[in-house]
Asker: 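Have a look at the structure that comes next, please.
Only heavy atoms go into these numbers, but all of them, side chains included; no hydrogens, no water, no symmetry mates. So that the names make sense, note that chain A is the first sequence line, chain B the second, and so on, each numbered from 1.
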Amino acid sequence: MTSPQPPTTALGAEPAFVVQLDAFNGPLDLLLHLLREEQIDIADIPIARIADQFLQAIQHLGLNQAADYLEMAGRLLRLKAQMLLPRRDGEEGWEDPRHELVRRLLEYQLIKEVAGWLERAADRRADQQPRGYLPPPPELPPPPLTLDLLELLKAVEQVVSQIPSPVLHRVVARPLDTEGATRRLEALLEEREEFTWLEALGPRPTIVDLLSTLLALLELAKRGRILIAQPEAFVSFTIRRRAPEPELVPVPGEPPTVTPEPAGPAATAPMAELPAPGAVEDPA
Amino acid sequence: MKPLAQLIEAALFAANRPITVEELQTLEPDASLADVRTALEELREHYDFDGHAVEVLELAGGYQILTRRAFAEAIERAQFAVRTPRLTAAAMETLSVIAYRQPVGRAEIEEIRGVSAGGVLRSLQERGLIEVVGRSEAMGRPLLYGTTPLFLELLGLRDLGELPRTDEFTVALQPHKPDTADSDEAAASVPAES
Amino acid sequence: MKPLAQLIEAALFAANRPITVEELQTLEPDASLADVRTALEELREHYDFDGHAVEVLELAGGYQILTRRAFAEAIERAQFAVRTPRLTAAAMETLSVIAYRQPVGRAEIEEIRGVSAGGVLRSLQERGLIEVVGRSEAMGRPLLYGTTPLFLELLGLRDLGELPRTDEFTVALQPHKPDTADSDEAAASVPAES
């Protein structure tokens, strides 16, 4: 606390670890600095120690830089955890989780070398001056702009091709087989006087089967051929052949005799014309 | 050339204004003003006798190296050699959106091109290819852009009606399979509707 | 000097950027490209043998007259010209990635440098050192960047082929003293791996 600005030192035993983050070009740069300070061999980074130092270094981050550094902090912590996982000795497939980090550090180190080279080249070039004084250019008409229709059209195509095609919800017409369902139900009615909804559906019904069967049932009920009842709430309803007196829920409004309308629109219409639920029950 | 003449040549070449004899003297503190004048004379003679295209001129109280008047025309032509400015791809695309959607606001242009359009719009406006034609009634009353007569002139069009209809393009605007690269053949074989 | 060499001197002197042989040819339509090259050689030799303080350099695909390096200090001391300001380290690193990976998208640049690159890319683009060279086919069709002729000019390179190969750099992360100015010697002595 006596020295106001201790030099940039890595964390030895001292907690007074001061790193001027402005001096670094990002988390990789900081990481390289820490490795060098500690004279660490990149092939064998003590992740736990470096992760702690990294966290300590970024403690006082300004918000605008925070994201980049915090992401690296997250990676380091995950690495630290991975290194703690037990692994069998001599395990074949074990890949050092630090590998990716090392690759990135080497790549970044290379970029820094390249940047240094570019900087020296730019410095050398800056030693040579171009002509300094440039008289105002003579008054010339601005050179004609090259613009032709073909280019414009190409640009239009370019733009058009980049407009994402709208994701349209595709509606596939899957015709309901109400007639088939009706035949199946009629066969069932021949056999048995009463069966349940689940039995009517048969094994593994598709949604189309289910809808077809439901429509067929409603149609049969409308024609007065069956009675439908649900003994109590939330149980499968039962379907009963309507030969004797109706004792379950009577279907109103339809004479139980032979109907002149063999198949109403609901029986053959595709799904789009599915009548509203009330329509069958309440034809009035 | 003597070292002082060399120094002066470098300084005059690099300087962005006429330089006085006194300023030139600061290049070589050991040299007198007379030395500087002598060196300037040496440089001037060198340029003259060797038939250089540049000369040392006394101007505005100082000295400058300038091209000789005889080469004015050549220099002008050299300026012409600056590649005729072409619109960048970004400018072209923006222009095409405006041509076909005008009047159109910046937000819509950016929506279609997927990138911000501020700089491009400004430069198209400076080149006189587009102009503000009104304001939208939408929130914030954004500016609406349209093309100018210069745009038509450059394209050699009588009016905007001469722009091809978009359904004449190979990339049809009609909905088509999103993932097949069908544009060319499809457009060639299927006649456009309407 | 022959007339064509004079014309070229005037043009190079007047233009403040590297001028290509093809551009120079427009000065004298009767001259062939070979004639232009011969005249350039004449001019160059003239400057060299007569001890001029300027030289003809091949830069960024063209030719430019620049003061010789030997006079940099004197010009700077006299403050007749302003030295081009240095780029920041972040800008240099970004330029390095782009120079070696071009065409390259923003995501890759950010991945390599470990920091977001938006601001730096914009400023490099505004300075004319990089430009958008296309779009990637990847998701979202991100912009791809490349370096411009001005980049070569800034570095004093004829073309991108003059950039050192990356395997000529050492990437030594072996423990060593942090404060030594290591780059040059290390690069010379330690052979780079792969």
Asker: Does atom CD of B:Glu111 have more than 12 heavy-atom neighbours, drawn from other residues, nucleotides or ligands, at distances under 6.0 Å?
Answerer: no
Asker: Measure distances from B:Ile19 to the heavy atoms of chain C and classify the residue's part below 4.5 Å as side chain, backbone, both or neither.
Answerer: side chain
Asker: Side chain, backbone, both or neither: which part of B:Ile65 has an atom under 4.5 Å from a heavy atom of chain C?
Answerer: both
Asker: Side chains of C:Asp35 and C:Ser32: donor-acceptor distance under 3.5 Å anywhere?
Answerer: yes
Asker: Which of parallel (below 30°), tilted (30 to 60°) and perpendicular (above 60°) describes B:His52 and C:Tyr47?
Answerer: parallel
Asker: Looking at C:Arg77, I'd like to know if its CZ atom is crowded, meaning that more than 12 non-hydrogen atoms belonging to other residues, nucleotides or ligands lie closer than 6.0 Å.
Answerer: yes
Asker: Counting heavy-atom pairs closer than 4.5 Å to chain C, which one of B:Ala11, B:Gly51, B:Ala53 comes out on top?
Answerer: B:Ala53
Asker: Between B:Thr26, B:Asp50, B:Val115, B:Val54, who has the most heavy-atom pairs with chain C when the cutoff is under 4.5 Å?
Answerer: B:Asp50
Asker: B:Ile130 and side chain to side chain contact (heavy atoms under 4.5 Å, CB included): which single residue from B:Leu150, B:Ile98, B:Val120 fits?
Answerer: B:Ile98
Asker: At a heavy-atom distance under 4.5 Å, which candidate from C:Ala5, C:Ala10, C:Ala74 has the highest pair count against chain B?
Answerer: C:Ala10
Asker: Check each atom of B:Ile8 against the heavy atoms of chain C and say whether the ones under 4.5 Å are side chain, backbone, both or neither.
Answerer: neither
Asker: Any side-chain heavy-atom pair from C:Glu108 and C:Val97 closer than 4.5 angstrom?
Answerer: no
Asker: For B:Arg17, which atoms come within 4.5 Å of any heavy atom of chain C: side chain, backbone, both, or neither?
Answerer: side chain
